[in-house]
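Working notes, structure below.
Bear in mind that the values here come from a model prediction, so they are computed numbers and not experimental data.
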Amino acid sequence: MKAVKIADKVFWIGANVHSEDLFEGIWPIPNGIALNSYVIKANKVAVIELVREWGGASMSFIESLRSLNLTLKDVDFIILNHLEPDHTGFAHILKSLSPKAKFVTTEKGAALLDGFYGIDENIMVVKSGDKVDLGENKSLEFIEIPHVHWPETMASYEEDSKILFSGDAFGAFGVHQGSIFDDQTPEVNKPYWEQEMLRYYANIIAMFSPNVIKAIDALAQFKINAIAPSHGLIWRGKPEVVIKKYSRYANYNKDFAEPEICVVWGSMYGNTEAMLNAILKGIASEGIYIHIHRVPNEEPSFILADAYKSAGLIIGAPTYEYSMFPPMKYLLELLQKKHMWHKKVIYFGSYGWSGGAQKDFNALSEHMNWDIIEQLVFKGHPTVQDLNKGEEIAKKFAQSILEIPSKIKDEDY
Ligand code: FEO
């Protein structure tokens, strides 16, 4: 790959990875993922974020450096904003191939560098406000933004170009589609990035939302011309818009999210599905935006994105051998783990010889600040009265969700 110029002496040297692998071993990436690395080529050479060896990423990284007449031996500083191995997997190779380079990270990052790669020398430990001078008017200032995503995370700010290298913050799943920049992205491709950014947030960042809010506050003191995250697009057209969008995401688990409903259902023999149809009829009569997902047929990664964004959540699943239908139990555990809080919720489901799903639902939803509007549990197939009740409850539920104001403003796009 050829390096892509972002600003004077600042270049993208990352890689677009297409892989059948799951990200973090859990999350599907049918659109691949961009591992963004950057280099500042001044008197001193600083590489910001690395890649891991994945789908040719490390070779692409080396070739991009070569396109700038640089080799790994020329690197003076390796800035590790975040130690997760998607950005550091190449570190142990650079340890020998970039002998003069110093690894720059926070104190917690240094411990992880040792733990993951056995690197315990040539490390510069930094904290908020520390700077590295690269000469030729280029410098980097570091800002600790813990838990966006891991506890050691920091961002790096280049004052001359006013570029913020933000780590996972403001990132997205998905490879670049012909351009690394938001302002070169055609309108038709914007929904791709919107969806992949939300999915990345819901899957990876959501549980750290209070830290995201603190990080946005900490970064407000900097004049930012461009945001260069470690995944996804570089935001240089309207960086303030992506900051607002991220702030909106971070607040989705603090208060009710968007006036939309996410319906997640599973059914063994069509009895829970019969109630699903009654409920959908009730919701549809109100004209509200509905996302419908079936488990286990659909990947939780995509369900989490829609569930996170929706103020209304409807969970339909039967009892399976004295407990919750297992794929729904897994999904509920993920909703709990990812802090998908503050939702209005309906649960419904069928049981045969005994119940059990409702008990699991109550236990798993206990600490999520959910406003549980109704639980519809029925033996075997729902009666006509059950179905009428389900339709009526769903209609009122949709009306209550529609009263929640949308957080999306026109200027967000
Ligand atoms: Fe892209 Fe948290 O690593």
Side-chain angles (χ1 to χ4, degrees), residues 14-19 21-37 49 51-52 54-55 57 81-88 145 147-150 153 155 164-177 180-182 185 189-213 215-216 227-235 239 241-253 257-258 262 291 293 298-310 331 334-335 337-340 408 412-413:
N16 280 303
V17 175
H18 295 271
S19 174
D21 291 352
L22 301 174
F23 188 76
E24 291 187 334
I26 305 177
W27 315 110
I29 43 170
N31 297 317
I33 189 159
L35 300 179
N36 292 336
S37 293
E49 313 280 26
V51 295
R52 62 176 276 222
W54 193 17
N81 282 335
H82 170 34
L83 268 287
E84 192 165 8
D86 50 332
H87 310 294
T88 56
I145 51 169
H147 271 308
V148 187
H149 154 218
W150 283 9
T153 308
L164 178 74
F165 299 95
S166 60
D168 281 349
F170 312 107
F173 288 130
V175 294
H176 298 124
Q177 298 184 311
I180 63 171
F181 299 110
D182 61 338
T185 297
N189 286 353
K190 287 186 177 167
Y192 163 92
W193 286 112
E194 178 80 20
Q195 184 56 28
E196 287 294 50
M197 189 171 163
L198 175 66
R199 189 166 71 93
Y200 186 85
Y201 192 95
N203 292 185
I204 311 293
I205 307 290
M207 79 169 285
F208 305 108
S209 290
N211 303 80
V212 171
I213 292 168
I216 289 172
I227 296 174
S230 55
H231 302 290
L233 286 176
I234 295 171
W235 306 95
V241 168
V242 77
I243 293 171
K244 271 189 204 162
K245 191 174 292 192
Y246 227 64
S247 176
R248 173 157 53 80
Y249 290 173
N251 280 284
Y252 278 167
N253 71 359
E258 303 298 337
C262 181
H291 311 271
H293 297 283
E298 294 178 58
E299 284 283 351
S301 171
F302 298 91
I303 302 173
L304 288 182
D306 286 337
Y308 188 59
K309 187 185 176 203
S310 301
L331 185 84
L334 284 176
L335 293 172
K337 178 165 184 53
K338 298 296 176 182
H339 294 193
M340 307 242 163
I408 300 174
D412 285 1
Y413 294 97

Exercise. Please report the closest heavy-atom contact between Gln195 and Asp306, naming both atoms and the distance.
Key: NE2-OD1, 4.4 Å
Quiz prompt | From Trp150 atom CH2 to Ile145 atom CD1, the distance as rounded to the nearest 0.5 Å | solution = 15.0 Å
Exercise. List the atom of Val212, the atom of Ala250, and the distance in Å for their closest heavy-atom pair.
Key: CG1-CB, 3.8 Å
Practice problem: Tell me, please, which residues at least two apart from Phe181 pass side-chain contact (heavy atoms from CB on, under 4.5 Å). | Solution: Val4, Ile6, Ser179, Asp183, Gln184, Ile234, Arg236
Exercise. Over all heavy atoms of both residues, which pair between Thr185 and Lys190 is shortest? Give the atoms and the distance, please.
Key: O-CE, 3.7 Å
Quiz item: Between CD1 of Ile180 and CG of Asn36, what distance do you get to the nearest 0.5 Å?
Solution: 7.0 Å
Quiz item: Yes or no on side-chain contact (heavy atoms from CB on, under 4.5 Å) for Ser209 and His339, after CA distance, side-chain angles and deciding distance?
Solution: CA-CA 9 Å; Ser209 290; His339 294 193; over 6 Å; no
Practice problem: Please name all residues satisfying ring-ring contact (aromatic ring centres under 6.0 Å, His included) with Phe165, sequence neighbours left out, ordered by chain then number. | Solution: Tyr38
Self-check item: Gap separating the OG1 atom of Thr88 from the NE2 atom of His82, nearest 0.5 angstrom
Solution: 8.0 Å
Exercise. Quick one: list whatever passes ring-ring contact (aromatic ring centres under 6.0 Å, His included) with Phe302, sequence neighbours left out.
Key: none
Quiz prompt | Spatial distance of atom CG (Asn81) from atom CG (Asp168) [nearest 0.5 Å] | solution = 9.5 Å
Exercise. Please state whether the rings of Phe23 and Tyr200 are parallel, tilted or perpendicular, taking 30° and 60° as the class boundaries.
Key: tilted
Quiz prompt | Between Tyr249 and Tyr308, ring centroids under 6.0 Å | solution = no
Quiz prompt | Nearest heavy atoms of Ile243 and Phe170, plus distance in Å | solution = CA-CE2, 3.8 Å
Exercise. Determine whether Met197 and Val242 make a side-chain contact, defined as any pair of heavy atoms from C-beta on separated by less than 4.5 Å.
Key: yes
Quiz prompt | Backbone of Ala155 reached by a side-chain donor or acceptor of Ser166 within 3.5 Å | solution = no
Quiz item: For the atom pair CG (Asn189) and CD (Gln177), what is the distance rounded to the nearest 0.5 Å?
Solution: 4.5 Å
Quiz item: How long is the gap from CG on Leu334 to CG on Leu304, to the nearest 0.5 Å?
Solution: 5.5 Å
Exercise. Look at the rings of His176 and Trp193 and say which category their plane angle falls in: under 30° parallel, 30 to 60° tilted, over 60° perpendicular.
Key: tilted
Exercise. Search all heavy atoms of Ala215 against all heavy atoms of Val148 and return the closest pair with its distance.
Key: CB-CG2, 4.0 Å
Self-check item: Check against side-chain contact (heavy atoms from CB on, under 4.5 Å), Ile204 and Glu24
Solution: CA-CA 9 Å; Ile204 311 293; Glu24 291 187 334; 3.5 Å; yes
Practice problem: Name all pairs fulfilling the salt bridge (Lys or Arg N to Asp or Glu O under 4.0 Å) condition that reach into residues 199-212, sequence neighbours left out, sorted by first residue then second. | Solution: Glu196-Arg199
Exercise. Compare all side-chain heavy atoms of Glu299 with those of Trp27 and state whether any distance is below 4.5 angstrom.
Key: no
Quiz item: side-chain contact (heavy atoms from CB on, under 4.5 Å) with Val17: which residues, sequence neighbours excluded?
Solution: Ser19, Ile33, Leu35, Trp54, Ala57
Quiz item: Where is the tightest heavy-atom contact between Ser37 and Glu49, given as atom of each residue plus distance?
Solution: OG-O, 3.0 Å
Exercise. For Lys337, check salt bridge (charged side-chain N to carboxylate O under 4.0 Å, His left out) against everything at least two apart and list the hits.
Key: none
Quiz item: Can you tell if the side chain of Trp235 reaches within under 4.5 Å of the side chain of Pro229, non-hydrogen atoms only?
Solution: yes
Practice problem: Could you check whether the rings of His231 and His87 sit parallel, tilted or perpendicular, using 30° and 60° as the cut-offs? | Solution: tilted
Exercise. Check whether any side-chain N or O of Asp182 sits under 3.5 Å from a backbone N or O of Leu233 as a donor-acceptor pair, and report yes or no.
Key: no
